[in-house]
Amino acid sequence: MTRPAARALQRKLLSWYAASKRDLPWRGARDPYAIWLSETMLQQTRVETVIPYYQRFLRELPTVRELAEATEERVLSLWSGLGYYRRARMLHAAARRVVREHGGRLPASVDDLRRLEGVGAYTAGAVSSIAFGRRAAVVDGNVARVLARLFAIEEDVKSARGSARVWALAGDLLPDGEGQAGDWNQALMDLGATVCVPREPRCERCPVEALCTGRARGLAAGLPRMVRKKAPRPVRRVAIVLASRTSVLLARRRAGALFGGLWEPPGTDGPLEALAASLGLDVGALERRGELVHVLSHRRMQVEVVRGGLGRRRSWPLPGPEYDAVEAVPVSRLARGAHSALTRKILALAGVPGGP
DNA sequence: AACGCGGGGAA
DNA sequence: TTCCCAGCGTT
């Protein structure tokens, strides 16, 4: 793209953004921590989903320092239901690093930001440009799609991370103006989210339609070419809900794996008998409650739910290698606990009162 | 380069 | 059903 054409593109899109930008809670936030938090929550997660989580998290842990000093349990609890829980662990670790190595202030450069846990190329560029006004590019799913269409890039855009060509393009297109990179990046992303959408782009509403090569060639709607994702692998599990009127037995999943650090009713991919035996239970004392299906990006989990009484036992053995802690939790505390959406479904199916 | 890692909204 | 979302870290 020629220099004048790039200028025209920047002018039109920035002007469109000034008039049409979405009103989002983190827009205009002064605090880099707030921007960082929003960008982390927004990784592979829709804006509408993030908003209530963002507001609650920022209300409960309003500064990097308070996040750094919070327990992991608390952080996971605030993340509970949002998914990709490793993000919460890494955000927590990075906050401690920011306090330890940067005096509690987030670094401004892409290179320094990238050294923080959970901050990759996209997030570093976003925080650097939006929170600090640095001239840094971003490529997320929106930007990759918008640029692929604008420049009729027909090669595969590998995942949301984008190809090297798209990153180079995004860098070239950054405005020179002081502090404009943040608005420019957000303008590209807003355009992708509201106009240049995946299925049926609303080209008639696009401020840069006249500059769009993909549009001119009739390719826009078919770009970018994405590699088809594999179907989730089916997994059968069984979960045992041991509950009294006031408590339910939960176990904590080991870190680093699926649902790491979250609490759930003991479950297994193996036979129910083995799981029951590991808890010292007689299978005959368990009542079948039904089955549910929970679909993740890489797993289709079909979970059979059985229920039994909690009894008077005070301590419980670990119900298998997936877990590193086990505890009878008061149902009154469930709503504030660190659980996945799957756990909520299991507790609901088991009929646990006051489930999260 | 491919995979593991959640959950949900929209067509 | 299918797609894909303000991605990152590991292998």
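Residue numbering restarts at 1 for every chain, and letters A, B, ... go by the order of the sequence lines. Here the structure is a predicted model, which means the values were calculated and not measured. Any value given below was found using the heavy atoms of this structure, including those in side chains, with hydrogens, waters and symmetry copies removed.
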Discussion item. Using a heavy-atom cut-off of 4.0 Å across all strands, would you classify A:Ala341 as base, sugar-phosphate, or nothing?
Written reply: sugar-phosphate
Discussion item. Just N and O in the side chain of A:His294: are any of them under 4.0 Å from OP1 or OP2 of B:dG6?
Written reply: no
Practice prompt. Determine: side-chain N/O of A:Thr123 to OP1/OP2 of C:dC8, distance under 4.0 Å, yes or no.
Written response: yes
Worksheet item: Looking at A:Gln44, does any N or O in its side chain come under 4.0 Å of the phosphate oxygens OP1/OP2 on C:dG7?
Response: yes
Worksheet item: In terms of ring plane angle, is the pair A:Trp79 and A:Phe57 parallel, tilted or perpendicular, where the classes change at 30° and 60°?
Response: perpendicular
Fill in: Residue pair A:Ser129 / A:Asn185: nearest heavy atoms and the distance that separates them
OG-ND2, 3.0 Å
Worksheet item: Charged N to carboxylate O below 4.0 Å: is that the case for A:Arg114 and A:Asp111?
Response: no
Worksheet item: In terms of the nearest nucleotide of DNA chain B, which residue is placed more toward the 5' end: A:Glu200 or A:Gln43?
Response: A:Gln43
Discussion item. Give the residues of residues 24-41 of chain A touching DNA chain C, defined as any heavy atom closer than 4.0 Å, sorted by residue number.
Written reply: A:Leu24, A:Trp26, A:Arg27, A:Glu39
Response to the item:
With the side chain defined as heavy atoms from C-beta on, A:Leu296 is closest, among B:dG6, C:dC5, C:dG7, to B:dG6
Worksheet item: Has A:Arg233 got a side-chain N or O lying under 4.0 Å from the OP1 or OP2 atom of B:dC3?
Response: no
Worksheet item: Within the structure, does a side-chain N or O atom of A:Arg299 lie under 4.0 Å from either OP1 or OP2 of B:dC5?
Response: yes
Practice prompt. Tell whether A:Arg86 reaches the base of C:dC8 with its side chain through a donor-acceptor pair below 3.5 angstrom.
Written response: yes
Worksheet item: Nearest-Å distance, CZ (A:Arg344) to P (B:dG6)?
Response: 14 Å
Discussion item. Both A:Gly118 and A:Pro198 contact DNA chain C. Taking the nearest nucleotide for each, which residue is further toward the 5' end?
Written reply: A:Pro198
Discussion item. Give me the distance, rounded to whole Å, that separates B:dG9 from C:dC8 when you measure between the P atoms they each carry.
Written reply: 23 Å
Fill in: Candidates A:Arg89, A:Arg86, A:Arg96 - the one meeting salt bridge (Lys or Arg N to Asp or Glu O under 4.0 Å) with A:Glu72
A:Arg89
Item to complete: Please answer whether the main-chain N or O of A:Arg22 pairs with a side-chain N or O of A:Arg27 as donor and acceptor at a distance below 3.5 Å.
Response: yes
Worksheet item: Rounding to a whole Å, what distance do you find between A:Gln186:CD and C:dA6:P?
Response: 13 Å
Worksheet item: Between C:dT11 and B:dG6, how far is it from one P atom to the other, in whole Å?
Response: 16 Å
Worksheet item: Roughly, in whole Å, what's the span from CZ in A:Arg46 to P in C:dC3?
Response: 14 Å
Worksheet item: What does A:Val138 touch in the nucleic acid at a heavy-atom separation under 4.0 angstrom: a base, only the sugar-phosphate, or nothing?
Response: nothing
Discussion item. From OH of A:Tyr17 over to P of C:dA6, roughly how many Å is that when rounded to an integer?
Written reply: 14 Å
Practice prompt. Please state how far atom NZ in A:Lys229 lies from atom C1' in B:dA1, giving the value in whole angstrom units.
Written response: 15 Å
Practice prompt. Answer with yes or no whether A:Thr45 presents, from its side chain, a donor or acceptor under 3.5 Å of a partner atom in the base of C:dG7.
Written response: no
Practice prompt. Round to the nearest Å and state the distance from A:Leu82 atom CG to B:dG6 atom P.
Written response: 11 Å
Practice prompt. Check whether any side-chain N or O of A:Tyr84 sits under 4.0 Å from OP1 or OP2 of C:dG9, and answer yes or no.
Written response: no
Worksheet item: Given B:dC5, is OP1 or OP2 found less than 4.0 Å from the side-chain N or O atoms of A:His298?
Response: yes
Practice prompt. Calculate the interatomic distance between A:Asn142 atom CG and C:dC3 atom P; express it in whole Å.
Written response: 18 Å
Worksheet, complete the sentence: Applying side chain to side chain contact (heavy atoms under 4.5 Å, CB included) to A:Ala8 and not counting sequence neighbours gives A:Arg11, A:Leu211
Item to complete: Answer with base, sugar-phosphate or nothing: what part of the nucleic acid does A:Arg22 contact at a heavy-atom distance below 4.0 Å?
Response: base
Worksheet entry | Counterpart residues, side chain to side chain contact (heavy atoms under 4.5 Å, CB included), relative to A:Val235 (two or more places apart) | A:Arg233, A:Arg237, A:Asp269, A:Arg299
Discussion item. Test salt bridge (Lys or Arg N to Asp or Glu O under 4.0 Å) on A:Asp176 and A:Arg3; report intermediate values, then the result.
Written reply: CA-CA 12 Å; A:Asp176 295 322; A:Arg3 192 79 180 178; 2.8 Å; yes
Worksheet item: Taking atom C1' in both C:dC4 and B:dC5, what distance in whole Å separates the two?
Response: 15 Å
Fill in: Test side chain to side chain donor-acceptor pair (under 3.5 Å) applied to A:Asp324 and A:Arg252, A:Arg254, A:Arg253, the passing residue
A:Arg252
Worksheet, complete the sentence: With the side chain defined as heavy atoms from C-beta on, A:Asp190 is closest, among C:dA6, B:dG7, C:dC8, to C:dA6
Worksheet item: With sugar-phosphate meaning primed atoms plus P, OP1 and OP2, does A:Arg114 contact a base, only sugar-phosphate, or nothing at under 4.0 Å between heavy atoms?
Response: sugar-phosphate
Discussion item. With a 4.0 Å limit, can you tell me whether A:Lys230 has a side-chain N or O closer than that to the phosphate oxygens OP1/OP2 of B:dC3?
Written reply: yes
Worksheet entry | Cation-pi check, A:Arg165 onto A:Trp167 ring (under 6.0 Å, within 45° of axis) | no
Worksheet item: How would you label the contact of A:Gly81 with the nucleic acid (heavy atoms, under 4.0 Å): base, sugar-phosphate, or nothing?
Response: sugar-phosphate
Worksheet entry | base_contact_polar (B:dC5 base, A:Arg87 side chain, donor-acceptor, <3.5 Å) | no
Discussion item. How many whole angstroms separate atom NE2 of A:His92 from atom C1' of C:dC8?
Written reply: 19 Å
